[in-house]
Undergrad: 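Attaching a single structure in structure tokens format; questions to follow.
Note that the structure is a prediction, hence the values are computed from the model and not measured.
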Amino acid sequence: MTLNITLRQLATFQALARHRNFTRVADELGLTQPAVSMQIKQLESQLGVALIEQRGKRIDLTEEGEEVLAGARAMLQRLDDLDHALNERKGVKTGRLRISVVTTVNTFAPDLLLIFQQRYPGVGIILDVANHKELLGQLADNDVDLVIMGRPPASLDLEADAFLENPLVIVAHPDHPLASRKRLAPSSLSEETFIMREQGSGTRRAMERFFAEKNLGFVAGMEVSGAEALKQSVQAGLGLGLMSRDAVRMELDAGLVVELDVKGLPIPRHWYLVHHKGKRLSPPAQAFKDFVLGEASEVLRGKRRRA
Ligand code: PGA
């Protein structure tokens with residue numbers, strides 16, 4: 001059998017199986033949407049089977065698609081192992097480090113990367129920013145060396161080390177009627193409009209859990225993607241926002257938003273460095289992990305104090 005399938009087609013199909021959406025795959029891979037569909041069509045025609053079924057906007061994998069996905073994962077994993085083995089020979093000085101972080105972490109990840117890059121100038125760094133659920137998908141597909149996120153689900157086969165506190169707070173426009181109140185009971189928030197993060201966001205899940213545990217409701221306002229959009233919406237006065245204090249540190253200092261004084265808040269959480277349990281970390285990835293777990297909290301606390 002002569003197959004002319006390419007690794008690129010397999011990687012595109014793997015990304016489509018994860019996103020179930022052509023536009024998102026195109027965004028992730030830096031391709032146009034027609035180029036993505038063309039690659040999938042070519043893969044289907046080379047293999048002589050249909051890999052996906054489209055019903056309206058919904059994309060499902062056929063049984064053959066599931067089988068091809070498992071094969072593609074195994075092949076791409078082998079290639080990744082080979083890359084690691086070669087990098088190990090070269091040592092930490094060269095190689096590539098693929099890191100993905102949740103949107104909030106993007107506010108401090110560059111501070112860590114700057115120090116790491118100064119120590120290892122030969123290492124090429126690829127940084128991707130997405131939400132909690134998308135990063136779990138990247139870990140499952142072995143598309144990334146290391147991830148920085150809120151606590152991942154214990155049911156997944158992941159190694160997750162906490163390295164820094166991540167208090168979640170409620171922020172408001174400075175003119176909001178609750179802004180100057182002290183020791184607010186959580187029940188006084190139930191009539192308030194909250195701007196919501198998108199589905200799949202860890203922050204959104206933490207917020208829903210906070211209100212559910214207290215048997216309280218809240219008014220769900222506009223829904224926005226990413227920590228930056230949430231912050232901008234609070235700053236514009238569109239509603240309250242529950243989010244990581246890390247995401248609004250500068251705006252709090254500048255008085256553009258205020259932190260509400262609510263009993264039971266901040267919600268204590270942590271940032272975790274995460275990878276697959278069985279993953280063989282390349283020398284640059286191991287060096288970055290050692291750096292984050294050993295030094296990041298001191299570096300970032302220092303910055304927080306100076307800010
Ligand atoms: P997210 O990140 O809200 O941007 O998904 C927070 C987390 O990982 O918990």
Undergrad: Quick test of your reading of the model: are Glu198 and Lys133 salt-bridged, counting only N-O distances below 4.0 Å?
TA: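 Salt bridge absent between Glu198 and Lys133.
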
Undergrad: Please assess His19 against Glu134 for the test side-chain hydrogen bond (donor to acceptor under 3.5 Å, both in side chains), listing each intermediate value before the final yes or no.
TA: CA-CA 8 Å; His19 286 299; Glu134 287 162 341; 5.1 Å; no

Undergrad: Please report the closest heavy-atom contact between Leu178 and Ser188, naming both atoms and the distance.
TA: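 What the structure gives for the nearest pair is CD1-O, 4.2 Å.
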
Undergrad: Going by an N to O cut-off under 4.0 Å, is there a salt bridge joining Asp141 and Arg73?
TA: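 Salt bridge: yes.
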
Undergrad: Taking only Lys NZ, Arg NE, NH1 and NH2, and the carboxylate oxygens of Asp or Glu, determine whether Asp83 and Arg96 approach each other closer than 4.0 Å.
TA: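 Yes, this pair counts.
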
Undergrad: If the threshold is 4.0 Å, N to carboxylate O, is there a salt bridge linking Arg24 and Glu28?
TA: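 Salt bridge: no.
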
Undergrad: Between Ser244 and Asn166, do the side chains contain a donor N or O and an acceptor N or O under 3.5 Å apart?
TA: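 Asn166 vs Ser244: donor-acceptor pair found between side chains.
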
Undergrad: Measure across Met243 and Thr203 and return the closest heavy-atom pair with its distance rounded to 0.1 Å.
TA: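 Minimum heavy-atom contact is CA-CG2, 3.9 Å.
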
Undergrad: For Met222, does the CE atom sit with more than 12 other heavy atoms under 6.0 Å from it, leaving out its own atoms?
TA: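 Yes, because the 6.0 Å sphere around CE of Met222 holds more than 12 heavy atoms from other groups.
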
Undergrad: Parallel, tilted or perpendicular: which describes the rings of Phe116 and Tyr120, with under 30° parallel and over 60° perpendicular?
TA: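 The arrangement is tilted - the two ring planes meet at 30° to 60°.
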
Undergrad: Does some side-chain heavy atom of Arg205 sit less than 4.5 Å from a side-chain heavy atom of Arg197?
TA: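 Of all side-chain heavy-atom pairs linking Arg205 with Arg197, none is under 4.5 Å.
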
Undergrad: Between Arg269 and Ile267, is there a side-chain heavy-atom distance shorter than 4.5 Å?
TA: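 Ile267 vs Arg269: side chains touch.
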
Undergrad: What's the separation between atom CZ in Arg119 and atom CZ in Phe288, rounded to the nearest 0.5 Å?
TA: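 Between Arg119 CZ and Phe288 CZ, I get 11.0 Å after rounding to 0.5 Å.
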
Undergrad: Of Arg98, Lys279, Arg18, which meets salt bridge (Lys or Arg N to Asp or Glu O under 4.0 Å) against Asp143?
TA: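 Between Asp143 and the candidates, salt bridge (Lys or Arg N to Asp or Glu O under 4.0 Å) is satisfied uniquely by Arg18.
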
Undergrad: Looking at Val25, Val68, Leu76, which hits side-chain contact (heavy atoms from CB on, under 4.5 Å) with Gln14?
TA: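 Among Val25, Val68, Leu76, the one that satisfies the side-chain contact (heavy atoms from CB on, under 4.5 Å) with Gln14 is Leu76.
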
Undergrad: Measure across Pro174 and Leu256 and return the closest heavy-atom pair with its distance rounded to 0.1 Å.
TA: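 Closest approach of Pro174 to Leu256, heavy atoms only: CD-O, 3.1 Å.
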
Undergrad: So does Arg8 have more than 12 non-hydrogen atoms from other groups sitting under 6.0 Å from CZ?
TA: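 Incorrect, the count does not exceed 12.
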
Undergrad: Between Arg58 and Asp60, does any NZ, NE, NH1 or NH2 come within less than 4.0 Å of an OD or OE carboxylate oxygen?
TA: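 Result for this pair is yes, salt bridge flagged.
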
Undergrad: Got a sec: does the NZ of Lys41 have more than 12 other heavy atoms crowding it under 6.0 Å?
TA: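 No, NZ of Lys41 has 12 or fewer neighbouring heavy atoms, counting only those of other groups under 6.0 Å.
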
Undergrad: So Leu51 and Leu61, do their side chains get closer than 4.5 Å, heavy atoms only?
TA: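 Contact flag for Leu61/Leu51 side chains = no.
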
Undergrad: Considering all heavy atoms of both residues, which atom of Ala285 and which atom of Leu97 are nearest to each other, and what is their separation?
TA: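 Heavy atoms only, the tightest pair is CA-CD1, 3.5 Å.
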
Undergrad: Answer yes or no: does atom CD of Glu67 have more than 12 heavy-atom neighbours from other residues, nucleotides or ligands under 6.0 Å?
TA: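 Atom CD in Glu67 is not crowded, with 12 or fewer foreign heavy atoms closer than 6.0 Å.
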
Undergrad: Just wondering, more than 12 heavy atoms not from Lys289 lying within 6.0 Å of its NZ?
TA: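 Check passes, neighbour count above 12.
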
Undergrad: Between the side chains of Arg245 and Glu251, is the shortest nitrogen-to-carboxylate-oxygen separation below 4.0 Å, so that they form an ion pair?
TA: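 So Glu251 does not pair with Arg245 through a salt bridge.
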
Undergrad: How close do Ala26 and Val36 get, counting heavy atoms only, and between which atoms?
TA: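 Scanning both residues, the minimum pair turns out to be CA-CG2, 3.7 Å.
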
